[in-house]
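A short write-up of the structure that comes next.
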Amino acid sequence: MAKLYSKKKLATSKMLPKKETISFILNYSKALRITKVGNLSFESIAN
Amino acid sequence: MATSVLSDAILVKKYVSGEESALTILIERHQARIYNFIYSKIQDRDLSDDIFQDTFIKVIKTLKTKSYNEEGKFLPWVMRIAHNLVVDHFRKNKKMPMQRDSGEYSVFSFLFESSPNIESQMITEQVELDLTRLIDELPEDQKEVLMMRIYQDMSFKEISDLTGVSINTALGRMRYALMNLRKVIEKNQIILTN
C-alpha cells in the first residue's frame, strides 16, 4: 500500500449529540401517532 | 442487560410493534457513529445536532408508517439518511463542504507536535494547507471515498453501502485518489514533510 500522508484514527475523537437532542427525539417518538387511511397517512402529536 | 445484545433488526421490530425503549437502545448504540459522521462534514456542533435530530425524525416517521423494509441494514440506512440531509444542508447554503480546523475537531491534529516552535508551526500550517488544497483538487467521487476512509476510518464495505457503489468501485476510487495525489505531488515537487 502506498504511503499515506495521514495516520489512522487521526480524527476520531468521539463526540456525542447533546442530551437535549436525544431527549427531544425520544419524546417526539412517544408523542407521534401515524394513522393510515387508505393511501393517506395522518400524523398527530400528543401533548 | 439482555437487551444490549439484541440485534438491530430485532430492536427495529420491537420498536415498530410499539416498544419505545427499543429506540433508546438503537440511538445509544449508534449515536457516536452517526453524530461523528455528520460532524465531520458540517464542523459545527449545533448544526450537527439539528441534522442528527432530523435524521432520527425521518427514521421514526418511516418506522411508524411501517414503510421500512428491514434487511439487517439499519445503520447504513440511517447513515444514508444523514448523508442526504448533509447534502441538502450544503445545497441550501450553496456551499461545498470543506474541512476546517475549528480547534474542537482538527482533521490535521496528528501533525502537531507536543510543543512546536514557531518554525515548525509555520511549516505545519503550510503542509496542512498544501494537503487540503491537493485533496480539494481531487474529483468529488475520489475525494469522498478518501475522506471517509482516511478521516472517518470507515471500511470499504461501509463506504460502499453509504455511497451506493460497489466495494470494487470504492476501492478503485481510493486507488485513483492516491495516484492522483501522488502525481500532483511529484509534478509540482511538493514536499509534504515537517
Side-chain angles (χ1 to χ4, degrees), chain A, chain B residues 15 20-24 27-28 31-36 38-40 45-46 48-57 59-67 99 104-111 127 130-131 134-135 146-147 149-154 174-175 178-179 181-182 185 190 192-193:
Chain A
M1 184 77 179
K3 187 189 170 198
L4 299 178
Y5 295 105
S6 51
K7 289 174 188 165
K8 272 189 118 184
K9 304 229 176 218
L10 64 163
T12 50
S13 57
K14 290 280 178 244
M15 282 188 297
L16 295 173
K18 289 182 199 136
K19 284 205 173 82
E20 295 86 347
T21 308
I22 302 291
S23 163
F24 173 86
I25 293 168
L26 295 175
N27 287 331
Y28 174 82
S29 168
K30 280 175 198 158
L32 181 70
R33 291 280 170 278
I34 294 182
T35 318
K36 271 193 164 181
V37 181
N39 288 332
L40 301 170
S41 61
F42 298 95
E43 289 175 18
S44 56
I45 304 275
N47 277 319
Chain B
Y15 176 69
E20 291 287 334
S21 59
L23 181 68
T24 314
I27 292 177
E28 269 173 17
Q31 58 176 340
R33 199 74 184 270
I34 298 162
Y35 189 79
N36 280 279
I38 298 168
Y39 187 79
S40 71
R45 291 216 65 157
D46 291 331
S48 299
D49 270 276
D50 287 349
I51 292 177
F52 182 87
Q53 186 176 298
D54 289 347
T55 302
F56 272 93
I57 285 177
V59 167
I60 289 165
K61 281 187 179 172
T62 310
L63 292 179
K64 291 219 173 196
T65 48
K66 298 184 170 43
S67 44
Q99 298 294 341
E104 191 176 15
Y105 180 94
S106 168
V107 289
F108 296 109
S109 56
F110 68 99
L111 287 170
V127 170
D130 288 347
L131 189 53
L134 289 175
I135 293 172
L146 184 133
M147 299 301 276
R149 179 72 193 115
I150 305 298
Y151 294 110
Q152 288 153 35
D153 200 30
M154 293 170 76
M174 182 71 189
R175 184 165 168 266
L178 295 174
M179 278 168 58
L181 277 179
R182 214 171 296 131
I185 289 164
I190 301 165
L192 284 173
T193 50

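Everything numeric in this text was worked out from a predicted model, so none of it was measured. So that the names make sense, note that chain A is the first sequence line, chain B the second, and so on, each numbered from 1.
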Next item on the list: Hey, can you tell me if Phe24(A) and Tyr28(A) have their rings parallel, tilted or perpendicular (30° and 60° cut-offs)?
Entry: parallel
Below 4.5 Å from any heavy atom of chain A, which atoms of [X] appear? Answer side chain, backbone, both or neither.
| X | result |
| --- | --- |
| Ser48(B) | neither |
| Gln53(B) | both |
| Lys61(B) | both |

Check: Relative to chain B, which segment of Glu20(A) carries a heavy atom at a distance below 4.5 Å: side chain, backbone, both, or neither?
Finding: neither
Notebook entry, point to check: Which bit of Leu16(A) comes within less than 4.5 Å of chain B, counting heavy atoms only: side chain, backbone, both or neither?
Noted result: both
Margin query: Could you check whether any side-chain N or O of Asp49(B) sits under 3.5 Å from a backbone N or O of Thr21(A), counting only pairs where one atom can act as donor and the other as acceptor?
Written below: no
Margin query: Using 0.5 Å steps for rounding, measure from the CD1 atom of Ile135(B) to the CD1 atom of Ile150(B).
Written below: 9.0 Å
Note to self: As an exercise, state the distance from CD1 of Ile25(A) to CZ of Phe52(B), rounded to the nearest 0.5 Å.
What the structure shows: 5.0 Å
Item checked: Residues Ser23(A), Lys18(A); criterion side-chain contact (heavy atoms from CB on, under 4.5 Å); working and verdict -> CA-CA 9 Å; Ser23(A) 163; Lys18(A) 289 182 199 136; over 6 Å; no
